[in-house]
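Reviewing the structure listed below.
Both backbone and side-chain heavy atoms feed into the values below; hydrogens, waters and symmetry mates do not. Predicted model, so just to flag it, every value in this text is computed and none were measured.
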Amino acid sequence: MSTAAPLPDKCKSAGTAQGSYRADIRACTAFREVAEALAEGRDLDVVLHVIAEKLCLLTGADRCSIHLVDKETGLLHGRAAHAPTNIDAQVKQLVSGTMQDSFTREILTTRRPVALLNTLSDPRPIKSAMRRWNAQSVLGVPMVLHDEVIGVVYLDSENTPVEFSAADQELAVAFADLGATAIRQTQLTTRLRSSLSTVATQIEQLRQAASLEEQLTEIVLRGSSLREIGDTVARLLGKPCAIYDNAFRRRVLSSPAQSAQNFTPKLLDKDIREAPAVRESLAHLKPGTPTVIQPLPWLGLHHRLLLCAVMLDGDCWGYVVVAEHGRRLSPLDEAVVRRAALNIALERSGERRAGTVQWHTIEAFTGSLLRGDESLAALEERAEVLGLRLDVPRVVCLVAARQKDAPLQISPQMLAKRLTDRESPSAVMAAPSGNDIALILELPESADHRRGVAWAKNRVRAALTGIASEDAVNVAISTVAYAPGEDTRAFNEARQVLSCMHHHLGIPGTQFLTVDELGAGRLLLSSTDPTDALRYAHDALGPLLASDSAKTRELLTTLSVFLDAGWSVRRAARLLGVHANTIRYRTARIEQLTGLDVATDAHAQLTAQLALLILRMNGLLPPTSALPMTDHPTETSDQIEADEADDADVE
């Protein structure tokens, strides 16, 4: 049996060169396949699997796994692997690079390959991991990107120790660099795709925003109402929309067409507003910046709310609220809600300006009507344009501060608005008169003179009561004007009454006085010194004022009611609830004490009436006498005629 002769050295050299050539071919082929995978833009995991497979083929390793660094923790997590069996799932659960893992820490620190010939005797690796994977020899190669280690490639052999040569290590470094390049390319591609997607999304949002802006602008130009704005927002966003004023009164609730008709979302209800988180959001709400209120399930709010304030002249007029419904809230929703709030502000501002212009027009007309500085024909023409009537019964009221020439804390417009409601036959006209306010109140057509004046007094009293002010005022009310041109006369009457109140009124608090209550006294008192007036009253009724006995109080009350009853004995008796002879007795007693025959003498009656008026205005009548400035019980015309006939018969 022959034995093969050993090859000469020349033959050995040729064989080695041939093997090296084949290895280079395999390496080049492997590089080409990896490069093709990169060029085709394959998924990063696919490229990493190709690298792991080729490294096993070229180095003779049994397994290859690739781990990437987590930038937040600094640890490495398994990403891809190649082995005779599929171990991807197990590798992806691996974490390396801990402080106990000296092997991996050395790779990260030196940024050079580290080879372990025998993992069981080498102190650097974690022994439990090596035994679990039955790794005899391991080569770790760093993946460096921009001078930073972003991962590690591990090659290992099972069962049999393998010494990874310098050539194997350099080859692994080259493929690790390819892996780093793949990661870099994937990151760039991902960023590019993300940018393109973002740009596409932004373009679509801009297109939608432009369309929504066009529709919102259209309703503003059309002069939209709050209802139209709410309906448009609900339709554009497909979400329920509500509009509240600053007192959280809901003015509008609009639902999208696709919602059920009975669907009413939880919005800014009282219990929601009182939740601490919502109170905080409302307190820090910035103009033009919508805010989101998170769900409050324990209060029944299971969806988010998008809220934006409506700012008008620097103040919060109200709120636009959109409920999350159908799809999540988006920046587009915020843009629409912000624009809706602006639309409401524009609409309210336009209404306010129009109302201000109209008010100034009415105010100027009211002043001309009271002063009488235009012809009757011109006033009637202006009244027709403003929709006002001059052929209806009306009175003029002057409202003034108790202290003469002191400014009022209320405006004519405010008072006119409070007086104009469903009970008003028409809009109340008002204008400034110096520091005072002049009002023209149309009376109910069914009211006679006395009832009409009483109605006007009660209306003004109620309006002033509803205005928060600590300052008392004087209110002077004219007689009734029935025809165009009589307003100037009524205005002068009210001025005379107001002058009497400023000079002679000593009763505290807000007071009302009519021309009828003053009677002829307004002509005398408007130009009389207060001291002289009081002296006159005491001279006329002195004995009745000298003592505060029950008898004198009774006589003063009888005198006051008798004079106010038109000197009718029977009317006074009925008003006081006594017999007619009692009235006759008391008037006789008054004549004995004062010398005034108030029962029959017209001059005595006028003297007594003027004296009582002065005392009333100064609050000097005894408490049991008729209250100052009060209306007497209403009597029918039949009763008055019967009383007058009876009085005539007696006389």
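Atom-to-atom distance recorded for Asp156:CG and Asn134:CG is 9.0 Å, nearest 0.5 angstrom. For the atom pair NE2 of His303 and NE2 of His325, the computed distance is 9.5 Å after rounding to the nearest 0.5 Å. Considering CG of Leu299 and CG of Asp269, their distance stands at 10.0 Å, rounded to 0.5 Å. His360 contributes atom NE2, which lies 7.0 Å from atom CD of Gln413 (distance to the nearest 0.5 angstrom). Distance check: Ser411 OG to Ile437 CD1 gives 6.5 Å after rounding to the nearest 0.5 Å. Of the inter-residue distances, the one linking Gln90 atom CD with Arg132 atom CZ reads 10.5 Å to the nearest 0.5 angstrom.
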Sequence neighbours excluded and cut-off under 3.5 Å, please list the side-chain donor-acceptor pairs for residues 44-51, or say none.
| unit_1 | atom_1 | unit_2 | atom_2 | d |
| --- | --- | --- | --- | --- |
| Asp45 | OD1 | Arg79 | NE | 2.6 |
| Asp45 | OD1 | Arg79 | NH2 | 3.2 |
| His49 | ND1 | Asp45 | O | 2.7 |
| His49 | NE2 | Asp88 | OD1 | 3.1 |
| His49 | NE2 | Asp88 | OD2 | 2.5 |

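The closest side-chain heavy-atom distance from Val399 to Leu439 is below 4.5 Å. When side chains are defined from C-beta on, Glu334 does not count as touching Leu329, because their heavy atoms never get closer than 4.5 Å. Side-chain contact between Leu75 and Thr98 is present, with at least one heavy-atom pair separated by less than 4.5 Å. At least one side-chain heavy atom of Arg235 sits less than 4.5 Å from a side-chain heavy atom of Thr232. Between Pro240 and Ser254, the closest side-chain pair of non-hydrogen atoms is not below 4.5 Å. Taking the side chain as every heavy atom from C-beta outward, Cys64 and Tyr154 never approach each other to under 4.5 Å. In this structure the side chain of Val310 never reaches within 4.5 angstrom of the side chain of Tyr244, judged on heavy atoms. For the pair Arg328 and Arg304, the minimum side-chain heavy-atom distance is below 4.5 Å.
Salt bridge annotation for Glu274-Arg279: absent, with no cationic side-chain nitrogen under 4.0 angstrom from a carboxylate oxygen. Under the 4.0 Å criterion applied to side-chain N and carboxylate O atoms, Glu324 and Lys266 are not assigned as salt-bridge partners. A salt bridge is absent between Arg338 and Asp333: the closest approach of a Lys/Arg side-chain nitrogen to an acidic carboxylate oxygen does not fall below 4.0 angstrom. A salt bridge links Asp147 with Arg111: the distance from a Lys NZ or Arg NE/NH1/NH2 to an Asp or Glu carboxylate oxygen falls below 4.0 Å.
Lys239 approaches Ala323 most closely through the heavy-atom pair CB-O, 3.3 Å. Pairing each heavy atom of Ala341 with each of Cys308, the nearest pair is CB-SG, 3.9 Å. Between Cys316 and Ala309 the shortest heavy-atom distance is SG-CB, 4.3 Å. Here the shortest heavy-atom pairing between Ala401 and Asn474 reads O-ND2, 4.2 Å. For the residue pair Gly140 and Phe103, the shortest heavy atom distance occurs at N-CZ, 3.8 Å. Of all non-hydrogen atoms in Ala416 and Ala430, the two that sit nearest each other are CB-CB, 3.9 Å.
Using cut-offs of 30° and 60° for the angle between ring planes, the Phe248 and Tyr319 rings count as parallel.
Looking only at atom types and distance, the side chain of Asp101 has no donor-acceptor partner in the side chain of Ser96 under 3.5 Å away.
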task = Mind running side-chain contact (heavy atoms from CB on, under 4.5 Å) on Ile87 and Trp133 for me, showing each step along the way?
result = CA-CA 11 Å; Ile87 60 172; Trp133 285 91; 4.1 Å; yes

task = Would you please test Asp271 and Leu296 for side-chain contact (heavy atoms from CB on, under 4.5 Å) and show each step?
result = CA-CA 10 Å; Asp271 55 340; Leu296 303 171; over 6 Å; no

inquiry  = Could you walk me through whether Leu307 and Val292 satisfy the side-chain contact (heavy atoms from CB on, under 4.5 Å) test, starting with their C-alpha distance in whole Å, then the side-chain angles of each, then the deciding distance to 0.1 Å, before giving a yes or no?
reply    = CA-CA 6 Å; Leu307 175 71; Val292 175; over 6 Å; no

inquiry  = Could you walk me through whether Ile243 and Val321 satisfy the side-chain contact (heavy atoms from CB on, under 4.5 Å) test, starting with their C-alpha distance in whole Å, then the side-chain angles of each, then the deciding distance to 0.1 Å, before giving a yes or no?
reply    = CA-CA 6 Å; Ile243 299 173; Val321 183; over 6 Å; no

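A donor-acceptor pair under 3.5 Å is formed between the side chain of Asp62 and the backbone N or O of Glu158. Thr420 places no side-chain N or O within 3.5 Å of a backbone atom of Ala427 that could act as its donor or acceptor partner. At distances below 3.5 Å, at least one donor-acceptor pair connects side-chain atoms of Arg273 with backbone N or O atoms of Leu268. Judged purely by atom type and a 3.5 angstrom limit, Arg63 has no side-chain atom pairing as donor or acceptor with the backbone of Leu155. A donor-acceptor contact shorter than 3.5 Å links the side chain of Thr510 to the backbone of Val473. Side-chain N or O atoms of Arg394 include one that pairs as donor or acceptor with a backbone N or O of Leu390 at under 3.5 Å. Here the side chain of Ser368 pairs a donor or acceptor atom with the backbone of Ala364 at under 3.5 angstrom. Under a 3.5 Å cut-off, the side chain of Asp70 and the backbone N or O of Gly74 do not form any donor-acceptor pair.
Environment of CD in Glu381: sparse, with no more than 12 heavy atoms of neighbouring residues, nucleotides or ligands closer than 6.0 Å. Under a cut-off of 6.0 angstrom, the local environment of CD in Glu148 is crowded, with over 12 non-hydrogen atoms contributed by other residues, nucleotides or ligands.
Scored by the ring-ring contact (aromatic ring centres under 6.0 Å, His included) test, His82 finds no partners at all (sequence neighbours excluded).
Annotation: cation-pi geometry satisfied between Arg461 and Phe512 (NZ/CZ under 6.0 angstrom from ring centroid, within 45° of ring axis).
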